Each structure stands twice: as structure tokens, then as C-alpha cells.
Amino acid sequence: MAEKSGFFNAREMEGGTYDREYDAEQFAEYFSNFVSNGVYVNPANQLKVVFDDSPKPFVVIVRKGKAYIDGYWYELTEDMEITIPANTKSYAIKDAVCCTLDKAERKVSLVLKEGVTSDYPTNNNTQHDLVLSTILVQPNASKLNAEEIIDKRPDKTYCGFVTGMIDQIDTTELF
């Protein structure tokens, strides 16, 4: 189809059907034109993964906050603990904490990806990650260290912060 438009009120037709039907994917496609992917920046600690200095040696805390991915929204209404598995290998491994849009499951949620070889986000037709942080887990460590948690939220390659349409204009093609 060469042209698309919307959204218009539906009118009931004979037989109880409607002449217009829209689905969530169409709304997400529309709204993705105005808001960029990422974590909302205000307050600055939204969805930040931080070291938990409680007696739990392999727990990190994801701060409450909001994110936006491809027209779909996510909100964590209270801080969440994530347990990082201990590393029994003889070398350091990297885990990634992601905010992941999963279109097949029809949800956005926090996901721990263990032992990743590449910390770049997955972005395909069914899944899109915002990598919130990476965590280096040392071999045979008795606990995590705060300096091993790397905040990836500011880096647009991994996550980035939500911006509006005005911040996204590419002026090289505009004039």
C-alpha cells in the first residue's frame, strides 16, 4: 500500500463490524516518530543499575524509572533486585542488564543476559534491547564490586536517553 493515514473514529457497519480497526503496533509505529528510544533522564538515576552493599554478595539494584523502545513504554515502579550468578569459570565473564522489548511475548521487561560475548544490544524484528549496564564477574569471587558495574545508559549505542522530535532533526538534509 502506497499511502497510510489514521487515526479515525470507527463506524459500526451492518452485522456489528467496524469500518476501521487499529492495533497496538500501529500506535507504537506512530508514536516512535516523536520520541527516541532510551531511558527517561529526569531524575537522572532512572533504571540505573547500582551496587547493593547489603549482605547479599551477588545482588545489584535497578532503580525505579521509565524507558521507551520503538513506541512501547516501560515503567519500573519500585527498585528491583537482580541476583547475578557467581562465576565458576577460570576467567572473568560479562553479564548485561537490559530493558528488553519482546514483541513475540508482547512485553517490555528487565532481562539479565548472562555470559555475553558481545554487550551490544539485540535489535531485530522481535526483540530490541536497551543495555542498562554490564557487570564484570570475576572468577571465584566472593562478591561483586561496585567498580565492575558499568553504566551504559548514557551511551546511545547501548541505550541512550529519551529525547523529543526537536532533538532528532538532522539539519544536513533539511536545507
Side-chain angles (χ1 to χ4, degrees), residues 24-25 28-29 31-33 35-164 167-168 170:
E25 193 171 286
E29 179 184 357
F31 286 114
S32 69
N33 291 309
V35 181
S36 70
N37 292 333
V39 171
Y40 286 88
V41 73
N42 208 359
N45 69 345
Q46 290 198 61
L47 299 181
K48 185 173 185 177
V49 179
V50 297
F51 178 69
D52 181 20
D53 57 1
S54 73
K56 301 172 186 173
F58 287 94
V59 171
V60 295
I61 303 293
V62 181
R63 295 288 182 219
K64 68 182 180 178
K66 298 177 184 178
Y68 192 83
I69 309 172
D70 297 341
Y72 297 89
W73 59 272
Y74 173 77
E75 181 176 9
L76 181 64
T77 59
E78 54 189 54
D79 293 355
M80 176 188 285
E81 287 186 355
I82 295 180
T83 302
I84 308 300
N87 181 3
T88 58
K89 298 183 176 18
S90 60
Y91 53 89
I93 61 171
K94 189 182 292 186
D95 293 345
V97 177
C98 302
C99 184
T100 300
L101 164 64
D102 187 331
K103 290 181 181 177
E105 294 292 321
R106 296 178 303 144
K107 69 178 184 177
V108 181
S109 61
L110 294 182
V111 175
L112 173 64
K113 294 190 173 191
E114 300 175 26
V116 296
T117 53
S118 170
D119 56 4
Y120 285 105
T122 299
N123 185 3
N124 55 42
N125 290 334
T126 58
Q127 186 176 329
H128 189 157
D129 295 331
L130 298 178
V131 178
L132 303 175
S133 74
T134 56
I135 303 164
L136 191 64
V137 186
Q138 298 298 334
N140 301 311
S142 60
K143 67 180 186 97
L144 293 174
N145 294 310
E147 59 273 359
E148 294 167 336
I149 301 170
I150 308 301
D151 187 8
K152 297 289 191 174
R153 295 170 315 134
D155 188 335
K156 198 158 188 60
T157 305
Y158 295 93
C159 181
F161 293 113
V162 170
T163 58
D167 293 335
Q168 299 172 27
D170 181 2

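No experiment lies behind these values; they were computed from the predicted model shown.
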Above 12 or not: heavy atoms from other molecules or residues under 6.0 Å from [atom1] of [X]?
X: Lys107; atom1: NZ; answer: no
X: Asn125; atom1: CG; answer: no
X: Lys48; atom1: NZ; answer: no
X: Lys66; atom1: NZ; answer: no
X: Glu25; atom1: CD; answer: no

message: Quick test of your reading of the model: are Arg63 and Asp79 salt-bridged, counting only N-O distances below 4.0 Å?
response: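 Salt bridge: yes.
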State the [atom1]-[atom2] distance between [X] and [Y], to the nearest 0.5 angstrom.
X: Asp102; Y: Ser109; atom1: CG; atom2: OG; answer: 7.0 Å
X: Asn33; Y: Phe31; atom1: CG; atom2: CZ; answer: 10.0 Å
X: Ile69; Y: Cys98; atom1: CD1; atom2: SG; answer: 9.5 Å
X: Asp119; Y: Ile150; atom1: CG; atom2: CD1; answer: 10.0 Å
X: Lys156; Y: Leu130; atom1: NZ; atom2: CG; answer: 9.5 Å
X: Lys89; Y: Asn140; atom1: NZ; atom2: CG; answer: 11.5 Å

task: Measure the acute angle between the ring planes of Tyr120 and Tyr158, then classify it against the limits of 30° and 60° as parallel, tilted or perpendicular.
output: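 Taking Tyr158 first and then Tyr120, their aromatic rings lie parallel (interplane angle under 30°).
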message: Against Lys113, only a single residue in Thr100, Asp129, Asp95 fulfils side-chain hydrogen bond (donor to acceptor under 3.5 Å, both in side chains); can you say which?
response: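 The passing option is Asp129.
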message: Applying the side chain to side chain contact (heavy atoms under 4.5 Å, CB included) criterion to Val97, which one of Leu112, Leu47, Val111 satisfies it?
response: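 So, applying the side chain to side chain contact (heavy atoms under 4.5 Å, CB included) to Val97 and each of Leu112, Leu47, Val111, only Leu112 qualifies.
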- prompt: Quick one: does Ser36's side chain have a donor or acceptor within less than 3.5 Å of a partner on Thr163's backbone?
  reply: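 Yes.
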